[in-house]
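Worksheet for the structure shown next.
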Protein chains: 2
Amino acid sequence: MKPLRLFHYNSSMEKEIFRDFLSRKGLKLTKERQKILDEVFTLHGHFDPEGLLERLRRREAKVSKASVYRTLPLLVQCGLVEQVERDGKHARYEHTFGHGHHDHLICVKCGRVIEVFSPKLEAIQDDLCRESKFNGITHTLEIKGYCQSCERCCLSSPQ
Amino acid sequence: MKPLRLFHYNSSMEKEIFRDFLSRKGLKLTKERQKILDEVFTLHGHFDPEGLLERLRRREAKVSKASVYRTLPLLVQCGLVEQVERDGKHARYEHTFGHGHHDHLICVKCGRVIEVFSPKLEAIQDDLCRESKFNGITHTLEIKGYCQSCERCCLSSPQ
DNA sequence: ATGGGTGCAAATTGTTTGCAACTTA
DNA sequence: TAAGTTGCAAACAATTTGCACCCAT
């Protein structure tokens, strides 16, 4: 993990990671998988399969919906992408490599997402895992509530 | 909130809370809603709409699938139930009243769920919200990894 | 060349909804 | 009795899958 930080961020690193992962499982790095990987790391922030597909279409990239749905779990499995929220029916993802781990404050009124990070919080989670003899790999923390502007303008509205 | 702790836990309290919530919104406490509420507080642990419906059927309770799906959001809205995980397609819930807030360590190998709680962690979350001027209402923390027994026996198996 | 991968369209499946009849406040 | 609620079945929408052809390794 450490050495990576010494280099200038290189956009082909995630491709190498993905390729390694695939070959270790006897799978292939096809053009479609590459296009999907590129798009995921080009866009910053969260995305859902639908939106990703749309972005791919808006460029040249001809990738089918099925391939998007088949590739996302692979990206999650090899740790390049995380599933961050599943509100209603939509699964939402974000890429994690070169992005840094963080948690989310989600406004239930306007949907805004604020990214936060606290080393102390990470440390306490390690403690919790240790106490339960649990080998924690990843975690998701989502705090739902009201962001500043919704708090200000909608205080007394119903719901 | 305080007075409740002074009494021995009384199974009708959640009913009162639900009734109050409903009447405040001009809704009614129907037999179906009561049966659903009872079942949710009878079962301990997590559940999904499907499983809840099955349990209801296994007793006398004639409640339709539609009513289950229509009632669960109400229970969430009034704070008696929380949505805790959404893995694959299934939404999972648990009741919170008389149960105490806690977070989850989820084993990705065997699916076991360990409940944990840390006041320090809660406090740090409050800090995070304050820094972002965010009014946090609820939160969900899920740490995924390997529980002790899966760690022991499956260390080198693929995936 | 061979085994995995793709696109398409059809199938699945969890969840939502329209509606006529029924209950609760 | 007025307004919300139910059950049913049909509608939806996100995701998955079968299959014939295609392409990395």
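For clarity, every value in this text was computed on a predicted model and none was experimentally measured. To find a chain, count down the sequence lines: A is the first, B the second, and so on, and within it residues start at 1.
Relative to the axis of its first five pairs, the axis of the last five pairs of the helix from C:dA1-D:dT25 to C:dA25-D:dT1 sits at 50°, rounded to 10 degrees.
As rounded to whole Å, 13 Å separates atom P of C:dG4 from atom NZ of A:K25.
With sequence neighbours left out, B:E142 forms a salt bridge (charged side-chain N to carboxylate O under 4.0 Å, His left out) with no residue at all. Looking at residues two or more places apart in sequence or on another chain, you find no side-chain hydrogen bond (donor to acceptor under 3.5 Å, both in side chains) involving A:Q148. Among residues two or more places apart in sequence or in another chain, the side-chain hydrogen bond (donor to acceptor under 3.5 Å, both in side chains) test is passed with B:R58 by B:E54. Applying the salt bridge (charged side-chain N to carboxylate O under 4.0 Å, His left out) criterion to B:D103, with sequence neighbours excluded, gives no partner residue. Listed by chain and residue number, nothing satisfies the salt bridge (charged side-chain N to carboxylate O under 4.0 Å, His left out) test with B:K35 (two or more places apart in sequence, or in another chain). Residues satisfying the side-chain contact (heavy atoms from CB on, under 4.5 Å) test with A:A66, not counting sequence neighbours, are A:S64, A:R70.
Think of the region where chain A sits on DNA chain D: with heavy atoms and a 4.0 Å cut, that region ends 5' and 3' at D:dC12 to D:dT25.
Residue A:L128 belongs to a hydrophobic cluster whose other members are A:L105, A:I114, A:V116, A:L121, A:I124, A:F134, A:L141, A:I143, B:L105, B:I114, B:V116, B:L121, B:I124, B:L128, B:F134, B:L141, B:I143, with links defined by side-chain heavy atoms closer than 4.5 Å. Here B:I106 sits in one hydrophobic cluster together with B:V113; the rule is ILVMFWY side chains under 4.5 Å apart, joined directly or through other members.
For A:K65, the NZ atom counts as loosely surrounded, since its 6.0 Å shell holds 12 or fewer non-hydrogen atoms of other residues, nucleotides or ligands.
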Inset, instruction - Using a 4.0 Å heavy-atom cut-off, write out nucleotides 15-25 of chain C from 5' to 3' as B (base contacted by protein), S (sugar-phosphate only) or - (no contact). - result: BBBB-----BS

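Each of B:V68 and B:G26 was matched to the nucleotide of DNA chain D holding its nearest heavy atom; the match closer to the 5' end belongs to B:G26.
Applying the ring pair (Phe, Tyr, Trp, His ring centres under 6.0 Å) test to every pair with at least one member in residues 42-71 of chain A, sequence neighbours left out, gives these pairs: A:H44-A:H95, A:H46-A:H104, A:F47-A:Y93.
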